[in-house]
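Everything on this sheet refers to the single structure shown next.
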Amino acid sequence: MSSFITINIEICMKFYSYVLIGLILFTSNLKSQPAPDYSVLKCGYSKSLTVQMKMEEGKAVVEVLIQEIIKENSRSEKAESIIIENSQQLLQEIKNGLDMTVVLVPEYWELKKKIKLFPQVIPVTGDSVQDRTLLLIKKNSSIKNLNDLAGKKIVISGEISTEKSIMQIWLHTLIKKQTQKEVHKFFGSVYKVSTGPTAIMDLFFNKADAALVIQSNYLALQELNPQIGEQLKVFIRSEPFVFAVLLFTEKLLNHPDKKLIMDKILNMDKTRIGKNYLNLFKLTKMVPYQEAYLENTFRLLSEYEKFKK
């Protein structure tokens, strides 16, 4: 019996020795990891968001904004902005210490399959968090249903990157679902302009048979020029979508000044520099992220993926 107890004691001692050695190795490993560098706050933004501006102009404004965010009560000392060309670069920048990035929702849809990112803020383009895509026609047009647009000329607003725009993804899905055709094969002519107001005015002056625009742009222009509402009409209206999202990396999620940084971002519309940033990207404000806001957008992207196969 005593020998059995002795053997058990030896086994227990060996087990606890292994546990202790494991803990020592684990903690020494932790100590060997370099501590996160919080002295520089790095913000990336998708190249897709910069269609209407020079890259360097956007980069400079973003850096001034981040400097404004960190200047009070933050241990960060320097701001750095990075133009993100593609998902491969974004993944590399995250390894290099990127803190946050603003991307289009279709880009986030692809990225979240590859890496853990943390959506925190939604940039708002109009009065509400979500916006709609509108397909406009003239009120006196003979177009009665979607098939009547076959062979017609459509103008597309291109405030953001064309291929990754929710507007165009919605149009491609709509046309494919109802006609089994690609957009460029369905319409007789497709051309793009840089802004929503330009697309609306092209339709107004009969340069196109239909226009694809964001609802907030249409409502704002209609308010300035009532004749727009008198001569144009909404032919098809999409569900409400979210167009872009601000993501935190794990580094910023654990940043000791995360709350301060978050408060500054959400109150950008109340400062001069913040307003300049919002105006540059055609935004009105920033709001806290809620998953429910993206349900329609993710549903559209899932449907679009099926049509692409």
Side-chain angles (χ1 to χ4, degrees), residues 30-31 33-50 53 56-84 89-105 107-108 111-112 115-130 242-294:
L30 283 179
K31 288 177 184 176
Q33 297 293 325
D37 179 14
Y38 293 130
S39 64
V40 180
L41 192 67
K42 295 183 180 180
C43 177
Y45 61 99
S46 170
K47 180 182 177 182
S48 306
L49 296 162
T50 59
M53 72 185 85
E56 289 308 312
E57 179 188 2
K59 191 173 187 298
V61 172
V62 172
E63 284 184 0
V64 170
L65 173 71
I66 307 171
Q67 199 68 53
E68 177 75 9
I69 287 173
I70 66 177
K71 76 177 184 181
E72 295 175 14
N73 307 318
S74 174
R75 64 207 72 207
S76 300
E77 299 168 357
K78 185 182 175 185
E80 185 178 334
S81 70
I82 301 159
I83 300 164
I84 306 295
Q89 184 195 350
L90 179 57
L91 294 174
Q92 185 57 49
E93 295 296 349
I94 290 170
K95 290 179 184 176
N96 295 341
L98 189 71
D99 292 286
M100 57 183 163
T101 184
V102 184
V103 297
L104 298 178
V105 173
E107 293 174 318
Y108 171 49
L111 284 165
K112 71 188 187 74
I115 191 169
K116 187 68 174 172
L117 290 166
F118 305 90
Q120 299 291 308
V121 174
I122 293 177
V124 179
T125 55
D127 294 329
S128 60
V129 177
Q130 298 164 307
V242 171
F243 294 88
V245 62
L246 186 149
L247 307 168
F248 281 11
T249 64
E250 193 167 5
K251 179 190 168 196
L252 187 53
L253 205 68
N254 297 320
H255 197 295
D257 298 323
K258 179 199 165 187
K259 187 178 183 304
L260 168 72
I261 293 166
M262 190 73 169
D263 287 345
K264 290 276 190 176
I265 291 171
L266 293 175
N267 288 287
M268 283 169 54
D269 57 316
K270 298 175 178 64
T271 68
R272 181 181 58 81
I273 292 173
K275 284 178 181 175
N276 287 342
Y277 172 89
L278 294 172
N279 289 336
L280 186 68
F281 288 95
K282 309 299 179 187
L283 303 172
T284 53
K285 60 182 177 180
M286 299 283 199
V287 299
Y289 174 86
Q290 290 184 32
E291 195 168 341
Y293 289 147
L294 268 71

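One is the number of the first residue; the rest follow in order along the sequence.
- Using a distance-only test at 3.5 Å, with no hydrogens or angles considered, a donor-acceptor pair links the side chain of T284 to the main chain of V124.
- Around CD of Q92, the count of heavy atoms belonging to other residues, nucleotides or ligands within 6.0 Å exceeds 12.
- Residues satisfying the side-chain contact (heavy atoms from CB on, under 4.5 Å) criterion with D269, sequence neighbours excluded, are L278, K285.
- At most 12 heavy atoms of other shown residues, nucleotides or ligands fall within 6.0 angstrom of atom NZ in K259.
- Legend: salt bridge (Lys or Arg N to Asp or Glu O under 4.0 Å) pairs involving residues 115-129, not counting sequence neighbours: none detected.
- Without hydrogens or angle criteria, Q120 side chain to L246 main chain gives no donor-acceptor distance under 3.5 Å.
- To the nearest 0.5 Å, atom OG1 of residue T249 and atom CD of residue E93 are 11.5 Å apart.
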Starting from the C-alpha separation in whole Å, work towards a yes-or-no answer on side chain to side chain contact (heavy atoms under 4.5 Å, CB included) for F248 and K258.
CA-CA 10 Å; F248 281 11; K258 179 199 165 187; 4.1 Å; yes
Go through the steps to decide whether F118 and L247 satisfy the test side chain to side chain contact (heavy atoms under 4.5 Å, CB included), and finish with yes or no.
CA-CA 5 Å; F118 305 90; L247 307 168; over 6 Å; no
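- The shortest heavy-atom contact between V121 and Y289 is N-CB, 3.7 Å.
- The CD1 atom of I265 sits 8.5 Å away from atom OH of Y277, with the distance rounded to the nearest 0.5 Å.
- Atom CG of residue L104 and atom CG of residue L111 lie 10.5 Å apart, to the nearest 0.5 angstrom.
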For side chain to side chain contact (heavy atoms under 4.5 Å, CB included), just list the numbers for L41 and L252, CA-CA rounded to whole Å, side-chain angles, deciding distance to a tenth of an Å, and then say yes or no.
CA-CA 9 Å; L41 192 67; L252 187 53; 4.0 Å; yes
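- Distance CD1/I273 to CE/M268: 10.5 Å, rounded to 0.5 Å.
- Within the model, atoms CG of L90 and CG of L117 stand 6.5 Å from one another, a figure rounded to the nearest 0.5 Å.
- The minimum heavy-atom distance linking G44 with I84 is given by the pair CA-CG1, 4.1 Å.
- Separating the CD1 atom in I122 from the CD atom in Q290 is a distance of 7.5 Å, to the nearest 0.5 Å.
- Residues K42 and N96 come closest through the heavy atom pair NZ-O, 3.0 Å.
- Between D99 and K251 there is a salt bridge, since a side-chain N of the basic residue sits under 4.0 Å from a carboxylate O of the acidic one.
- Of the possible polar contacts, none joining the E107 side chain to the A244 backbone as a donor-acceptor pair under 3.5 Å is found.
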Check step by step if side chain to side chain contact (heavy atoms under 4.5 Å, CB included) holds for I94 and E250.
CA-CA 9 Å; I94 290 170; E250 193 167 5; over 6 Å; no
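- A donor-acceptor pair under 3.5 Å is absent between the side-chain atoms of S46 and the main chain of V103, judged by distance alone.
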